[in-house]
Amino acid sequence: MGADNQTLVREFILLGLSSDWDTRVALFVLFLVMYLVTVLGNFLIVLVIRLDSRLHTPMYFFLTNLSLVDASYATSIVPQMLVHFLAEHKGIPYVSCAAQLFFSLGLGGIEFVLLAVMAYDRYVAVCDPLRYLVIMHGGLCARLAITSWVSGSVNSLMQTTITLQLPMCMNKYIDHISCELLAVVRLACVDTSSNEIAIMVSSIVLLMTPFCLVLLSYIQIISTILKIQSTEGRKAFHTCASHLAVVVLCYGMAIFTYIQPRSSPSVLQEKLISLFYAILTPMLNPMVYSLRNKEVKGAFQKLLGQLSGLTSKLAT
């Protein structure tokens with residue numbers, strides 16, 4: 001069936017956000033700036049953590065993984081979307097569509113599991129600080145990171161495979177900004193009940209389960225912090241509250257979209273949600289998780305000082 005699909009539909013047409021030229025140009029400029037900020041911000045976080053030995057801790061190890069996932073996720077969607085803003089023909093080859101579906105779905109799944117891992121790391125750090133380094137040893141951190149990457153990738157491979165087995169019957173117009181899972185499933189000219197069940201099951205495993213773990217971790221963290229009657233306790237509370245707000249927003253929108261595929265939001269809402277995940281979340285994560293952190297800001301200032309000193313030497 002997959003081979004037949006390739007014979008029938010060699011290319012999909014992405015309808016995108018708007019057909020108005022001026023609107024497309026304005027969106028191109030806006031999203032290009034946001035994409036550059038996203039990629040540079042996330043790779044700067046990775047560089048700072050890599051160069052400063054004080055940041056070689058479990059929390060920053062997971063943050064490095066998150067930054068790599070965010071930059072990769074944005075790259076799997078945004079460049080092609082930018083090209084289509086300025087192109088008259090908005091086609092995407094079958095193989096490219098399959099690759100985009102696999103990588104975007106996989107990286108999204110990895111992030112959801114990774115956020116739960118990071119919440120557990122913070123739970124141990126706040127609620128059991130004396131045993132933190134004993135519990136979160138290198139071996140466990142590596143296994144947790146590998147579990148995140150493998151689970152997201154395996155789920156994506158399964159979903160991509162069963163989705164591309166669907167006969168499209170020459171339906172090639174995708175009313176979306178990318179080859180998104182539900183948008184591609186809607187092209188099928190057969191009953192898609194089994195696909196919808198698979199989407200719901202994977203949503204429970206990769207969305208609801210990590211989301212519940214995140215909520216439990218942060219409930220314990222916040223209850224512990226509230227017992228600390230100090231300025232540091234209040235600062236920690238505000239930091240955890242901002243983390244939790246971003247996490248709930250990320251999980252909430254995905255659950256709203258995928259947990260019941262038949263009653264999914266409108267096409268416009270799906271496009272806006274995809275934009276949120278492709279551009280806004282990857283851009284905000286470095287700010288929320290890193291730039292408000294004294295250790296990261298100190299490491300960043302140290303790196304700027306070293307670069308300034310090197311530039312002065314080269315100039316003389």
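Heavy atoms only: backbone and side chains are in, while hydrogens, waters and symmetry mates are out. A quick note: this is a predicted structure, and the numbers were derived from the prediction, not measured.
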Legend entry - Donor-acceptor contact below 3.5 Å, side chain Arg131 vs main chain Val124: no
Inset, instruction - Kindly determine whether Asp121 and Tyr132 satisfy side-chain hydrogen bond (donor to acceptor under 3.5 Å, both in side chains), including the steps that lead there. - result: CA-CA 9 Å; Asp121 171 72; Tyr132 174 65; 2.6 Å; yes
Inset, instruction - Report yes or no: does Gln100 contribute a side-chain atom to a donor-acceptor pair with the main-chain N or O of Cys179 at less than 3.5 Å? - result: yes
Inset, instruction - State which residue, out of Thr75, Leu30, Ile77, fulfils the side-chain contact (heavy atoms from CB on, under 4.5 Å) condition with Tyr35. - result: Thr75
Legend entry - ILVMFWY network linking Leu144 to Trp149, side-chain heavy atoms under 4.5 angstrom: yes
Legend entry - Phe102 side, atom CZ; Leu107 side, atom CG - distance, nearest 0.5 Å: 8.5 Å
Legend entry - Non-hydrogen side-chain atoms of Val126 and Ile225 separated by less than 4.5 Å: yes
Legend entry - Backbone N/O of Gly109 and side chain of Asn155: donor-acceptor pair under 3.5 Å: no
Legend entry - For Ile177 against Ser274, the heavy-atom pair lying closest together: CD1-CB, 3.8 Å
Legend entry - Ile13/His89 under side chain to side chain contact (heavy atoms under 4.5 Å, CB included): CA gap, chis, key distance, verdict: CA-CA 8 Å; Ile13 306 296; His89 180 68; 3.6 Å; yes
Inset, instruction - For residues Tyr277 and Tyr73, establish whether the separation of their ring centroids is below 6.0 Å. - result: no
Inset, instruction - State, yes or no, whether a side-chain contact exists between Leu181 and Ile199 at a heavy-atom distance under 4.5 Å. - result: yes
Inset, instruction - Compare all side-chain heavy atoms of Leu14 with those of Tyr173 and state whether any distance is below 4.5 angstrom. - result: no
Legend entry - Sequence-distant partners of Leu187, side-chain contact (heavy atoms from CB on, under 4.5 Å), two or more places apart: Phe12, Met168, Asn171, Ile174
Legend entry - Non-neighbouring partners of Lys90 that pass salt bridge (Lys or Arg N to Asp or Glu O under 4.0 Å), sequence neighbours left out: none
Inset, instruction - Give the cluster check for Leu15 versus Val185: same hydrophobic cluster or not, with ILVMFWY residues linked at side-chain heavy-atom distances below 4.5 Å. - result: no
Inset, instruction - Of all the heavy-atom pairs spanning Ala74 and Thr38, show the shortest one and how long it is. - result: CB-CG2, 4.1 Å
Inset, instruction - State, to 0.1 Å, how close Ala278 and Val78 come at their nearest heavy-atom pair, and which atoms those are. - result: O-CG2, 3.9 Å
Legend entry - Spacing of Ser104 atom OG and Glu180 atom CD [to the nearest 0.5 Å]: 8.0 Å
Inset, instruction - Using the test side-chain contact (heavy atoms from CB on, under 4.5 Å), find all partners of Thr23 that sit at least two apart in sequence or belong to another chain. - result: Ser18, Asp20, Leu27
Legend entry - Side-chain heavy-atom pair Tyr60, Asp52 within 4.5 angstrom cut-off: no
Legend entry - All side-chain contact (heavy atoms from CB on, under 4.5 Å) counterparts of Phe43, not counting sequence neighbours: Val39, Leu68, Ala71
Inset, instruction - Decide whether Ile146 and Val154 are clustered together by the hydrophobic rule: side chain heavy atoms of Ile, Leu, Val, Met, Phe, Trp, Tyr closer than 4.5 Å, transitively. - result: yes
Inset, instruction - Might you work through the side chain to side chain contact (heavy atoms under 4.5 Å, CB included) test for Phe85 and Leu32, ending with a clear yes or no? - result: CA-CA 11 Å; Phe85 277 139; Leu32 175 61; over 6 Å; no
Inset, instruction - Return the minimal non-hydrogen interatomic distance between Cys250 and Thr281, and the atom names on each side. - result: SG-CG2, 3.6 Å
Legend entry - Rounded distance (nearest 0.5 Å) linking atom CG of Leu63 with atom CG of Leu55: 9.5 Å
Legend entry - Heavy-atom check, side chain of Gln220 versus side chain of Arg122, under 4.5 Å: no
Legend entry - Test log, rule side chain to side chain contact (heavy atoms under 4.5 Å, CB included), inputs Leu166 and Val184: CA-CA 9 Å; Leu166 292 169; Val184 176; over 6 Å; no
Legend entry - Option passing side-chain contact (heavy atoms from CB on, under 4.5 Å) with Phe62 (candidates Val117, Thr57, Leu115): Val117
Inset, instruction - Please confirm whether the backbone N or O of Leu157 pairs with a side-chain atom of Thr160, one donor and one acceptor, at under 3.5 Å? - result: no
Legend entry - Interatomic spacing from CG in Asp128 to OG1 in Thr224 - rounded to 0.5 Å: 10.0 Å
Inset, instruction - Could you pull out the closest heavy-atom pair between Pro58 and Cys141, with the gap in Å? - result: CB-SG, 3.6 Å
Legend entry - Phe61 side chain reached by Ile49 side chain, heavy atoms, under 4.5 Å: no
Inset, instruction - Report yes or no: do Ile279 and Leu36 belong to one cluster of Ile/Leu/Val/Met/Phe/Trp/Tyr joined by side chain heavy-atom distances under 4.5 Å? - result: yes
Legend entry - Close side-chain approach of Arg50 to Thr64, heavy-atom, < 4.5 Å: no
Legend entry - Basic-acidic side-chain contact under 4.0 Å: Asp175, Lys271: yes
Inset, instruction - State, with a plain yes or no, whether a side-chain heavy atom of Tyr94 is found less than 4.5 Å away from one of Glu11. - result: no
Inset, instruction - Determine, stepwise, if the pair Ile135 / Tyr120 fulfils side chain to side chain contact (heavy atoms under 4.5 Å, CB included). - result: CA-CA 11 Å; Ile135 296 173; Tyr120 174 71; 3.9 Å; yes
Inset, instruction - Could I get the full list of salt bridge (Lys or Arg N to Asp or Glu O under 4.0 Å) partners for Arg143, not counting sequence neighbours? - result: none
Inset, instruction - Examine Tyr251 together with Phe211 and report whether their ring centres are nearer than 6.0 Å. - result: yes
Legend entry - Side chain Ser96, main chain Ile92, donor-acceptor under 3.5 Å: no
Inset, instruction - Give the minimum heavy-atom separation between Ser151 and Val113, together with the two atoms involved. - result: OG-CG2, 3.6 Å
Inset, instruction - Enter the distance from His84:NE2 to Ser178:OG here, rounded to the nearest 0.5 Å. - result: 10.5 Å
Inset, instruction - Is it possible for you to say whether Val29 and Phe31 belong to one hydrophobic cluster, with membership spreading through side-chain heavy-atom contacts below 4.5 Å? - result: yes
Legend entry - Of Leu216, Val214, Leu215, the residue whose pairing with Tyr218 passes side-chain contact (heavy atoms from CB on, under 4.5 Å): Val214
Inset, instruction - Quick one: pull up CG in Asp70 and CG in Leu284 and give me the separation to the nearest 0.5 Å. - result: 9.5 Å
Inset, instruction - State which residues pass side-chain contact (heavy atoms from CB on, under 4.5 Å) with Ile162; sequence neighbours excluded, sorted by chain then number. - result: Gln159, Asn195, Ala198
